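See structure below.
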Amino acid sequence: MSSLPAVFTSWFKSRGWSPHPHQLKMVEAARRGEHSLLIAPTGGGKTLSGFLASLVELSQDNAPGLHTLYISPLKALAVDIHRNLEMPVQEMGLDLRLETRTGDTPANRRQRQRENPPHILLTTPESLALLISYDDADAIFASLKCIVVDEAHALIGTKRGDQLALCMARLQKLAPQCRRVGLSATVAWPEELRAWLSPTARTDDVHLIKGGGGAKAKVSLLTTKEELPWSGHYGLHALPEVYEELRHVRTAILFVNTRAQAELVFQELWHLNEDALPIALHHGSLAREQRRKVEAAMARGDLRAVVATSSLDLGIDWAAVDLVIQIGPPKGVSRLIQRIGRAGHQLNTPSRALLVPANRFEVLECRAAIDGVEEGTLDGAPPRPGGLDVLAQHILGLACSKPFTADEIYSEVTKAAPYAALDRQTFDDVLRFVMDGGYALKAYDRYKRLFLTSSDRYEITSPKVAQRHRMNIGTIVEETTLKVRLRGGPVLGEIEEYFVNGLEEGDSFIFAGNLLRFEGIRELTVLCSRAAGDAPKIPQYMGGRLPFTTHLSDRVREMLADPSHWQDLPPQVAEWLRIQQWCSVLPKKDGLLVESFPRNQKEYLVAYCFAGRNAHQTLGMLLTRRMERMGLSPLGFVASDYVIAVWGLHAPRNLGELFSEDMLGDDLEEWMAESSLLRRTFKNAAVIAGLIERKYPGQEKSGRQVTVSSDLIYDVLREHEPDHILLRATRADAASGLTDIHRLGGFLKRIKGKITHRRLDRVSPLAVPILLEIGREYVGDDAIDELLAENANELIEEAMAGLENTRSLF
DNA sequence: GACCTGCTGCGGGATG
């Protein structure tokens with residue numbers, strides 16, 4: 001307490017609070033001029049900790065000029081923190097200016113902020129990138145003393161995080177005295193986070209402070225009385241039991257994994273809602289106003305429950321939430337901990353969480369995740385090197401601000417951790433790309449953005465370049481969508497173009513919690529009326545997939561392999577596994593189990609890889625190519641996060657050969673080059689690098705236009721400059737993203753020489769779920785044989801019937 | 001380029 005000035009101590013006292021130990025530690029670190037990183041669970045006054053030292057300094061000297069820059073990944077959070085900070089500032093009578101600056105800020109206020117910055121500015125990574133591109137950036141930031149990065153764990157390892165790291169490196173040059181403060185949830189790799197925050201990319205530059213953990217969460221698995229589904233992912237079977245839970249809580253958040261699932265679960269809950277409980281819906285495609293309404297109702301404590309996607313993973317803390325329900329598998333322990341942490345911000349009240357698996361395999365994953373939460377084993381991929389596309393955008397931003405020499409910029413950007421290992425040659429290639437598009441594109445005038453002055457400085461070719469750059473700042477690339485408007489009513493949100501293309505007048509669909517009738521399209525808006533139709537469609541989005549962490553995958557395999565764990569599983573699941581044990585065998589903790597069996601004149605091969613869907617899709621493509629060459633006539637494959645199934649005319653014999661590591665050779669290169677996955681990845685990189693501009697002064701490009709021009713450039717580059725910087729960026733993104741080659745490589749290495757092959761005369765119990773996926777799932781570039789769609793009951797019966805015959809087999 | 005498992009996030013400036 002002694003480390004705070006009197007006005008602060010008496011303010012804490014007047015609120016009946018005393019500062020947390022970590023808050024004082026942060027102030028002391030600041031006094032010593034140290035950078036610091038606070039890692040603490042949600043709540044617990046984390047944000048105030050970040051600002052306390054700045055407020056103390058400003059209370060002693062409030063000379064004009066920007067003192068502290070706060071950066072949040074969410075606009076809404078910046079606004080909320082602004083409101084929260086005003087309270088202590090006013091109550092302590094501190095004389096200082098506090099403002100937000102995001103894309104929502106009106107132009108006149110932006111102008112004023114440039115000329116006369118507030119003491120504390122709250123903003124986003126994108127807005128910061130914009131500020132840095134101004135020619136007066138040096139004047140704006142010269143006085144800067146402190147940068148606070150909130151929710152740093154949500155930024156590191158992403159392209160937004162790469163961009164922010166680069167911007168901070170620039171700030172360090174404009175304001176060398178500047179101190180950095182990071183605020184983060186608990187992460188699996190705190191050292192990397194320290195390095196990311198550091199102005200020198202060195203871990204020990206940043207003082208690590210750990211905040212006290214709140215009470216430990218009580219997490220349980222919903223053991224439904226219903227029959228557990230063999231496949232499907234919506235979890236609707238358990239909703240009556242979920243609803244029952246809602247009747248006994250104050251406020252609950254129900255997390256689901258997809259927007260379509262959110263709509264469905266919401267709809268079903270309302271059917272069950274005989275008590276007329278106030279239940280709301282929240283996801284990323286709902287109109288901003290709709291979402292703000294829901295958030296405000298949550299803050300007031302007016303809602304009993306809200307069904308949400310990761311749209312509520314971060315952000316404002318709601319004290320009233322006493323239960324978090326996760327419907328469907330959490331896909332990672334850290335993600336689950338983050339979601340559970342959204343409840344129970346009352347001091348020392350343990351939060352409660354309930355996991356609702358939608359099928360049998362998901363039971364295993366949920367159970368494994370609960371064990372992970374109890375042991376506190378965090379997961380998630382560690383940060384990878386920064387994207388070259390992001391670097392290109394940043395370099396152009398720097399040029400928009402002031403001409404520079406290559407040497408000074410190289411030394412500047414390599415101070416940012418994501419680019420610390422960037423070699424000079426690659427940097428020069430990126431710079432060359434920014435300058436004129438690179439060797440293969442230099443003939444086009446539109447790609448000439450920089451020229452070299454007589455003093456060896458790079459300068460933008462015209463002010464138009466800066467204008468266009470500023471209109472296209474940011475690393476988030478989205479699908480094109482159409483707005484959905486209720487006739488004579490408000491905009492409800494947006495749905496993707498392709499979904500709209502599949503609608504005919506009179507079709508009904510569920511959106512924003514409403515049953516709607518499709519009337520037609522006017523300009524870029526879908527017009528709808530309320531409907532009473534049946535069999536409504538549900539909009540699907542080409543969103544990302546929540547990645548299945550390797551850690552959780554390891555836990556699932558461990559649980560499967562050791563029957564002593566099964567007592568923690570619902571009886572239906574334990575029985576399913578026991579029957580599998582009799583009919584076939586269970587996957588071991590290490591190695592790979594492959595089953596093969598005939599069915600309906602075809603040969604099936606089911607591999608229990610547990611490497612996640614992205615890796616499985618790449619594997620499926622490689623396997624079918626190889627089987628083709630072996631003369632096995634493969635016909636198709638289907639993949640889940642856990643399993644892959646391939647079917648064809650003949651059964652494979654030599655599985656060691658089939659799964660050998662050299663699979664990642666020529667086939668991969670060839671397929672990747674043609675694959676639409678890579679084209680999509682390239683498009684994103686091209687947009688981020690500024691090769692394709694989404695917006696021009698006065699017009700916006702449609703998604704179709706962007707795709708066409710990106711495909712053209714992609715083909716040109718592949719032919720004429722295969723080592724182009726954007727193709728390198730694309731391969732790097734794909735390797736850990738949509739094709740997940742890193743993980744596939746690790747998998748193939750791990751199973752080498754450890755493949756168990758079971759030849760069966762029929763489908764096994766464990767193989768039933770993946771066979772039920774056939775015909776329901778779109779896989780990569782290969783069309784699925786819909787005729788194969790299975791009759792669930794028949795299939796299950798057949799698998800379980802294997803029981804009698806099998807004993808004699810072994 | 002889709003559809004039955006597919007998240008989240010941001011983004012100009014000057015003028016009338």
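None of the values given here were measured: they were computed from a predicted structure. Letters go in sequence order (proteins before strands), and every chain restarts at 1.
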Which of parallel (below 30°), tilted (30 to 60°) and perpendicular (above 60°) describes A:Phe548 and A:Tyr642?
-> perpendicular
Return the nearest nucleotide to the side chain of A:Arg291; candidates are B:dG13, B:dT8, B:dT5.
-> B:dT8
Flag if over 12 foreign heavy atoms under 6.0 Å of NZ, A:Lys402 = yes
For the side chain to side chain donor-acceptor pair (under 3.5 Å) test, which of A:Glu263, A:Arg259, A:Arg291 pairs with A:His283?
-> A:Glu263
Distance between P atoms of B:dC7 and B:dC3 (Å, rounded) = 14 Å
Of all the nucleotides listed (B:dC10, B:dC7, B:dA2), which has the minimum atom distance to the side chain of A:Arg335?
-> B:dC7
With a 4.0 Å cut-off on heavy atoms, is A:Ala358 in touch with a base, just the backbone sugar-phosphate, or nothing at all?
-> nothing
Phosphate contact (B:dG12 OP1 or OP2) by A:Gln467 side-chain N/O below 4.0 Å = no
Under the 3.5 angstrom rule, does the side chain of A:Thr739 hit a backbone N or O of A:Ala734 as a donor-acceptor pair?
-> yes
OP1 or OP2 of B:dG11 sitting under 4.0 Å from any side-chain N/O of A:Ser127?
-> yes
Which residue lies more 5' along DNA chain B, comparing A:Leu130 with A:Glu362 via nearest heavy atoms = A:Glu362
Just by distance, do the side chain of A:Gln393 and the backbone of A:Gly474 share a donor-acceptor pair under 3.5 Å?
-> yes
Can you tell me the distance, in whole Å, between the CG atom of A:Asp150 and the C1' atom of B:dT8?
-> 16 Å
Name the nucleic acid region contacted by A:Asp313, choosing base, sugar-phosphate or nothing; use a 4.0 angstrom heavy-atom cut-off, strictly under.
-> nothing
Counting just side-chain N and O atoms, does A:Ser311 come under 4.0 Å of either OP1 or OP2 of B:dG9?
-> no
Whole-angstrom distance between B:dT15 and B:dG11, as gauged at atom P = 23 Å
Here the gap from A:Arg449 atom CZ to A:Ile460 atom CD1, rounded to the nearest 0.5 Å, amounts to 11.5 Å
Could you please name the option among B:dA2, B:dT5, B:dG12 that lies closest to any side-chain atom of A:Met542?
-> B:dA2
Partner set under side chain to side chain contact (heavy atoms under 4.5 Å, CB included) for A:Asn614, not counting sequence neighbours = A:Arg545, A:Asp740
Selected nucleotide, minimal atom distance to A:Arg613 side chain, candidates B:dG13, B:dG1, B:dT5 | B:dT5
Under 4.0 Å between a side-chain N or O of A:Ser310 and OP1 or OP2 of B:dT8?
-> no
Are A:Arg110 and A:Thr105 linked by a side-chain donor-acceptor pair shorter than 3.5 Å?
-> no
With a 4.0 Å cut-off on heavy atoms, is A:Gly502 in touch with a base, just the backbone sugar-phosphate, or nothing at all?
-> nothing
B:dG6 versus B:dG1 - spacing of their C1' atoms, nearest Å | 14 Å
A:Arg470 has a side chain; which of B:dC3, B:dG12, B:dC7 sits nearest to it?
-> B:dG12
Is the phosphate of B:dG12, meaning OP1 or OP2, less than 4.0 Å from a side-chain N or O of A:Tyr134?
-> no
Contact class for A:His283 vs. all strands (heavy atom < 4.0 Å): base, sugar-phosphate, or nothing?
-> sugar-phosphate
Here the distance between atom P of B:dT5 and atom CZ of A:Phe255, to the nearest Å, is 22 Å
Would you indicate, yes or no, if B:dG12 has its OP1 or OP2 atom less than 4.0 angstrom from a side-chain nitrogen or oxygen of A:Arg110?
-> yes
Taking only the side-chain nitrogens and oxygens of A:Arg160, find out if one of them lies under 4.0 Å from OP1 or OP2 of B:dG11.
-> no
A:Glu773 CD to B:dT5 C1', in whole Å, measures 8 Å
Residue pair A:Leu503 / A:Lys537: nearest heavy atoms and the distance that separates them = CD2-CD, 4.0 Å
Residue A:Glu478, side-chain heavy atoms: nucleotide from B:dG12, B:dC10, B:dT8 that is nearest = B:dC10
Quick one: label A:Arg112 by what it contacts on the DNA or RNA (base, sugar-phosphate, nothing), any heavy atom closer than 4.0 Å.
-> nothing
Under 4.0 Å between a side-chain N/O of A:Thr309 and OP1 or OP2 of B:dT8, yes or no?
-> yes
Any sub-3.5 Å donor-acceptor pair from A:Tyr234's side-chain atoms to A:Gly328's backbone N or O?
-> no
What is the distance, rounded to the nearest whole Å, between atom NE2 of A:His282 and atom P of B:dG9?
-> 8 Å
Minimum-distance nucleotide to A:Tyr498 side chain [options: B:dC7, B:dC4, B:dC3] = B:dC3
Identify whether any heavy atom of A:Thr475 sits under 4.0 Å from a base atom; if not, whether one sits that close to sugar-phosphate; answer base, sugar-phosphate or nothing.
-> nothing
Tabulate protein N/O versus nucleotide N/O from nucleotides 14-16 of chain B, keeping only pairs under 3.5 Å, one per line.
| unit_1 | atom_1 | unit_2 | atom_2 | d |
| --- | --- | --- | --- | --- |
| B:dA14 | OP2 | A:Gln111 | OE1 | 3.4 |

Output yes when at least one side-chain N/O atom of A:Lys75 is less than 4.0 Å from OP1 or OP2 of B:dG11, else no.
-> yes
Taking atom P of B:dA2 as reference, at what distance in whole Å does atom CG of A:Leu503 sit?
-> 17 Å
